[in-house]
Amino acid sequence: MPLLDHLNPEQLAAVTLPNQHALILAGAGSGKTRVLTTRIAWLVQTGNASPAGILAVTFTNKAAREMLTRISAMLPINTRGMWVGTFHGLCNRMLRAHHRDAGLPQLFQILDSADQLSVVKRVLKSMNVDEEKFQPKQVQWFINGAKEEGKRAGDVEVYDDFSRRMVEIYAAYDEQCRREGLADFPELLLRCFELLSRNEVLRTHYQSRFRHILVDEFQDTNRLQYRWLKLLAGQGNVIFGVGDDDQSIYRFRGANVGNMADFEREFKVENLIRLEQNYRSHGNILDAANALISHNRRRLGKNLWTAAGEGEPVRVYEAQSDGYEARWIAEEVQSLVREGYARSDIAVLYRSNAQSRVLEHALFTAGIAYRVYGGLRFFERQEVKHALAYLRLLANPDDDSAFLRVVNFPTRGIGARSVEQVQDAARGAGGSLWAAASSLTGKAGTAVGAFVKLVAAMRENARGLPLPEVVDHVLHASGLLDHYKTEREGTDRIENLEELVNAATAFVRDELPTGAALAAVDQAEAAAAPAAPAEAPDPWLAAFLAHAALESGENQAGEGADAVQLMTAHSAKGLEFHIVFISGLEEGLFPHEQSVTEEDGLEEERRLMYVAVTRARTRLYLSFAQTRLLHGQTRYNVASRFLDEIPAAVLKWLTPRGGKLFGDAAAWQPAPAPLRLAAKAERSGPGALPFRIGQNVNHPKFGVGVIVSAEGSGADARVQINFGRQGMKWLQLEYAKLTPA
DNA sequence: AATCCGTCTATTTTT
DNA sequence: TAGACGGATT
């Protein structure tokens with residue numbers, strides 16, 4: 001079967017497994033997506049499954065899209081009947097189809113994290129809660145955490161006044177969302193889970209439909225997602241899970257690697273296949289990765305190998321400072337480009353976003369085009385959010401969040417007190433702001449009345465128009481375009497607003513089968529759903545709004561440009577590059593200092609490093625700096641322990657190793673102590689200190705460290721030394737047996 | 001309604 | 001150090 005050509009034995013075994021639960025441990029670069037998509041194609045082609053019997057779930061829209069594209073290339077069928085999408089996308093699809101059973105309005109709106117935060121703030125205000133004690137972010141975190149545990153406010157355990165109040169806030173928040181017809185991200189999951197567990201008819205319907213459930217990135221699932229899968233699997237359906245416990249780097253947002261082991265145990269998985277052949281990296285890079293990850297205790301176990309040669313050694317560079325490190329990277333990039341590498345083949349990775357600054361500066365100075373990942377996405381821009389708020393108000397007048405966002409934007413003389421009046425009236429009547437505003441201003445002439453009339457007119461004029469024209473009408477009628485025309489920096493914003501019309505056009509054209517749009521279609525075919533009401537609101541508008549919330553859009557323009565790629569190690573997951581720089585390999589930074597106090601934190605950092613290392617195809621650079629400016633202070637760091645965990649045999653030090661004079665000594669200059677600290681040390685008297693600030697020293701018990709500061713003189717002389725993982729210590733010079741390292 | 005100023009904070013992120 | 005945010009000012 002041509003479908004199965006060019007698969008290696010393990011991939012082939014995985015693809016052609018019988019209809020039983022399976023867990024595929026897919027190492028980095030082992031052809032995971034290929035196995036997943038070929039498995040689906042194989043199931044359909046052999047008649048083991050019908051397209052409609054397949055549900056495949058991923059974490060990102062990008063991954064879902066990629067899967068659909070590849071399946072379409074392998075199978076000459078319409079992939080429409082297949083449910084391929086993100087957890088949130090699929091839940092949204094199900095909730096739209098059964099909104100009545102789920103207790104949601106047909107046009108419920110989806111809150112992204114920022115929207116959710118503003119609802120939380122609003123609730124806190126209305127409850128007169130001290131925002132110092134109950135910080136909105138923390139409340140949001142609490143609510144989402146509870147939802148991901150499958151708990152409603154009534155299910156959360158209360159152990160003190162604080163948690164009691166927290167639960168009250170949670171309850172009030174959920175009530176507010178219900179009133180406004182809103183669902184936040186975890187709500188989509190939880191609501192869908194509750195729908196299926198409470199409604200036997202629906203559960204049976206979907207259980208008998210999705211005979212094959214395929215899960216991508218199993219290690220990233222949270223508890224609720226796992227339970228959702230279990231529920232859908234029922235007794236007879238088959239789960240095909242693909243994941244890599246060594247690449248689990250999202251525990252901080254609820255991912256639970258333990259789900260893999262639980263799956264294996266609870267489903268009595270007998271088919272466990274390891275994909276260990278790596279098609280991405282050269283041998284030395286894999287050796288480095290394998291050795292590094294072998295320091296983790298809790299693993300399912302896996303060792304990557306490659307048929308490619310060992311390739312180049314892993315290059316290591318020690319810089320005096322973060323600035324020097326960045327400059328060196330820029331120079332190296334320049335010579336690579338001269339060698340013929342495309343800039344886009346090169347990635348510079350770092351642990352935290354703050355590090356991008358120096359790198360950007362160096363690249364900019366060197367005149368190298370670069371692109372930074374992260375930052376504001378298209379649908380998160382304020383002008384786009386404003387436009388979407390008008391659209392939301394058209395679709396659902398009860399959406400107070402949308403109302404508040406645009407009631408006075410562009411400014412139309414509705415001040416805080418007018419808004420408060422409306423809010424009071426709404427509270428009194430138990431209705432929405434929109435309802436209160438319309439009844440309050442029966443006699444027009446007031447500013448609020450004008451706003452109500454404006455939106456009502458917009459709704460009327462938009463009725464029956466195709467989606468892009470609805471968007472276009474709203475942009476004009478709302479005054480958003482005029483507003484940004486008068487603003488100094490408004491040109492970009494206007495472009496984005498015009499882009500929103502394009503997005504709507506593209507949305508209608510492509511019907512993005514990964515999620516939202518199909519909801520409208522499902523509605524008709526949903527077995528258990530009652531007939532749609534005669535005067536259905538524009539399903540396209542609702543679908544587009546869901547799309548905007550679920551898929552926040554490209555990070556930035558310039559996607560395809562030939563530029564060096566700058567990103568965090570987290571964002572690099574799933575990508576690959578010919579050349580990879582991992583910068584800032586210092587204790588406290590990578591591994592991050594906050595991680596050592598967390599349970600299993602260090603192992604997660606190591607997995608993150610493993611992810612970073614395995615992004616490289618042909619060449620990998622590791623670099624660190626002796627000093628780094630952090631929060632406006634110079635920090636003296638020691639090299640990351642991760643460097644020690646990579647076998648010396650695969651490393652090639654470009655600078656003398658560990659400060660000792662190895663190799664090309666001329667290339668290495670001792671770090672000059674920053675002036676401020678040097679002066680402080682000098683105050684203790686000339687000759688008092690046989691050591692220099694910033695110097696590497698050896699301590700018989702604590703090992704190698706860096707002198708960070710000093711005080712006192714003579715017998716009182718003390719030095720502060722950063723021993724990295726041993727921590728920061730003050731040592732009395734007289735007693736401490738320090739030797740230069 | 002826009003601007004200024006002081007205060008606070010500072011891992012990682014998708015949906 | 002710098003950037004974001006909230007409150008007070010103009």
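Side chains are part of it too, since the values below use all heavy atoms of this structure and drop only hydrogens, waters and symmetry mates. Within every chain, numbering begins at 1; the chains are lettered A, B, ... in the order of the sequence lines, protein sequences first and strands thereafter.
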Novice: Provide a list of protein-nucleic acid N or O atom pairs under 3.5 angstrom, restricted to nucleotides 3-10 of chain C.
Specialist:
{"unit_1": "C:dG3", "atom_1": "OP1", "unit_2": "A:Arg357", "atom_2": "NH1", "d": "2.9"}
{"unit_1": "C:dG3", "atom_1": "OP1", "unit_2": "A:Arg357", "atom_2": "NH2", "d": "2.6"}

Novice: Does some side-chain heavy atom of A:Tyr350 sit less than 4.5 Å from a side-chain heavy atom of A:Thr568?
Specialist: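 Touching, per the 4.5 Å side-chain cut-off.
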Novice: In this structure, how many angstroms lie between the C1' atom of B:dT13 and the CD atom of A:Glu380, rounded?
Specialist: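 Answer to the nearest Å: 11 Å.
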Novice: Could you say whether A:Phe59 or A:Gly415 is positioned toward the 5' end of DNA chain B, judged by the nucleotide with the nearest heavy atom to each?
Specialist: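 This one resolves to A:Gly415.
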Novice: Which label fits A:Tyr250 and A:His570: parallel for a plane angle under 30°, tilted from 30 to 60°, or perpendicular past 60°?
Specialist: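 Ring orientation, 0 to 90° scale: tilted.
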Novice: Could you tell me which residues satisfy salt bridge (Lys or Arg N to Asp or Glu O under 4.0 Å) with A:Lys485, sequence neighbours excluded, listed by chain and number?
Specialist: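 With neighbours one apart ignored, the set is A:Asp482.
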Novice: With rounding to whole Å, what would you report as the distance between B:dT13 and C:dA2 at their P atoms?
Specialist: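 Roughly 22 Å separates the two P atoms.
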Novice: Quickly work out the A:Asp184 CG to B:dT15 P distance and round it to whole Å.
Specialist: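 Roughly 16 Å, once rounded to whole Å.
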Novice: Within this structure, what is the CZ-to-C1' distance between A:Arg65 and B:dT14, rounded to whole angstrom?
Specialist: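 It works out to 13 Å between those atoms.
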Novice: Distances for protein N/O vs nucleotides 2-7 of chain B N/O pairs under 3.5 angstrom?
Specialist:
none

Novice: Return the value, rounded to whole Å, for the distance between atom CD1 of A:Ile582 and atom P of B:dT12.
Specialist: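 So the two atoms are 17 Å apart, to the nearest Å.
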Novice: Rounded to whole angstrom units, what separation is found between the CG atom of A:Asn144 and the P atom of B:dT15?
Specialist: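 A:Asn144 atom CG is separated from B:dT15 atom P by 15 Å.
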Novice: Near DNA chain B, under 4.0 Å by heavy atom, which residues of residues 248-258 of chain A?
Specialist: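 Listed by number, they are A:Tyr250, A:Phe252, A:Arg253.
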Novice: Hey, which of these two, A:Arg412 or A:Thr60, hits DNA chain B nearer its 5' end, going by closest nucleotide?
Specialist: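 Its nearest nucleotide being more 5', the pick is A:Arg412.
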Novice: Taking NZ, NE, NH1 and NH2 as the nitrogens, is one of them in A:Glu325 or A:Arg628 under 4.0 Å from a carboxylate oxygen of the other?
Specialist: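 Counted as a salt bridge, because a side-chain N and a carboxylate O are separated by less than 4.0 Å.
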Novice: Answer yes or no: is there a side-chain heavy-atom contact under 4.5 Å between A:Leu608 and A:Phe590?
Specialist: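 Contact flag for A:Leu608/A:Phe590 side chains = yes.
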Novice: Kindly point out which of B:dT14, B:dA1, B:dT13 is positioned nearest to the side chain of A:Asn408?
Specialist: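 Output: B:dA1.
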Novice: Is the centre of the A:Phe87 ring less than 6.0 Å from the centre of the A:Phe193 ring?
Specialist: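 Not under 6.0 Å, so no.
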Novice: Under 4.0 Å, counting only non-hydrogen atoms across every strand here, what does A:Gly574 touch: a base, just sugar-phosphate, or nothing?
Specialist: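 The residue A:Gly574 makes no contact with any strand.
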Novice: Quick test: give all pairs of protein nitrogen or oxygen and nucleotides 9-11 of chain B nitrogen or oxygen below 3.5 Å, distance rounded to 0.1 Å.
Specialist:
{"unit_1": "B:dA10", "atom_1": "N3", "unit_2": "A:His631", "atom_2": "ND1", "d": "3.3"}
{"unit_1": "B:dT11", "atom_1": "OP1", "unit_2": "A:Gln594", "atom_2": "NE2", "d": "3.4"}
{"unit_1": "B:dT11", "atom_1": "O4'", "unit_2": "A:His592", "atom_2": "NE2", "d": "3.2"}
{"unit_1": "B:dT11", "atom_1": "O2", "unit_2": "A:Arg351", "atom_2": "NH1", "d": "2.8"}
{"unit_1": "B:dT11", "atom_1": "O2", "unit_2": "A:Arg351", "atom_2": "NH2", "d": "2.3"}
{"unit_1": "B:dT11", "atom_1": "O4", "unit_2": "A:Glu598", "atom_2": "OE2", "d": "2.3"}

Novice: Can you name the nearest heavy-atom pair linking A:Glu603 to A:Arg298, along with the distance?
Specialist: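 In this case the closest contact between A:Glu603 and A:Arg298 is OE1-N, 3.6 Å.
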Novice: Is any side-chain heavy atom of A:Phe403 closer than 4.5 Å to one of A:Asp399?
Specialist: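 Sidechains of A:Phe403 and A:Asp399: no contact.
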Novice: Distance between the C1' atoms of C:dG3 and B:dT14, in whole angstroms?
Specialist: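 It works out to 24 Å between them.
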Novice: Let me know the distance between CG of A:Asp216 and P of B:dT15, rounded to the nearest Å.
Specialist: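 A:Asp216 atom CG is separated from B:dT15 atom P by 13 Å.
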Novice: Measuring to OP1 and OP2 of B:dT13, would you say a side-chain N or O of A:Thr568 lies under 4.0 angstrom away?
Specialist: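 Yes, A:Thr568 has a side-chain N/O under 4.0 Å of OP1/OP2 on B:dT13.
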Novice: Taking NZ, NE, NH1 and NH2 as the nitrogens, is one of them in A:Glu187 or A:Arg152 under 4.0 Å from a carboxylate oxygen of the other?
Specialist: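 A salt bridge is present here (some side-chain N lies under 4.0 Å from a carboxylate O).
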Novice: Round to the nearest Å and state the distance from A:Asn222 atom CG to B:dT13 atom C1'.
Specialist: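 My rounded result for the distance is 14 Å.
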Novice: B:dT11 and C:dG6: how far apart are their C1' atoms, nearest whole angstrom?
Specialist: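 Straight-line distance between the two C1' atoms is 25 Å.
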Novice: Please report, rounded to the nearest Å, how far the P atom of B:dT13 is from the NE2 atom of A:His88.
Specialist: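 Roughly 17 Å, once rounded to whole Å.
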Novice: Answer yes if the ring centres of A:Tyr206 and A:His98 are under 6.0 angstrom apart, and no otherwise.
Specialist: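 Ring-ring flag for A:Tyr206/A:His98: true, centres closer than 6.0 Å.
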Novice: Taking atom P in both C:dC5 and B:dT12, compute the distance separating them and give it to the nearest angstrom.
Specialist: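 So the two P atoms sit 15 Å from each other.
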Novice: Which residues pass the salt bridge (Lys or Arg N to Asp or Glu O under 4.0 Å) test with A:Arg299, sequence neighbours left out?
Specialist: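 By the salt bridge (Lys or Arg N to Asp or Glu O under 4.0 Å) rule, A:Arg299 matches A:Asp246.
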Novice: Determine, for A:Arg392 against A:Asp115, whether the closest basic-nitrogen to carboxylate-oxygen distance falls under 4.0 angstrom.
Specialist: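 Salt bridge flag = yes for A:Asp115 with A:Arg392.
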Novice: Examine A:Phe409 together with A:His483 and report whether their ring centres are nearer than 6.0 Å.
Specialist: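 Ring-ring flag for A:Phe409/A:His483: true, centres closer than 6.0 Å.
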Novice: Are A:Lys573 and A:Asp244 ion-paired here, with the side-chain N under 4.0 Å from a carboxylate O?
Specialist: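 Judged by the 4.0 Å cut-off on N to carboxylate O distance, A:Lys573 and A:Asp244 do not form a salt bridge.
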Novice: A side-chain contact here means heavy atoms from C-beta on lying under 4.5 Å apart; do A:Arg641 and A:His295 qualify?
Specialist: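 Sidechains of A:His295 and A:Arg641: no contact.
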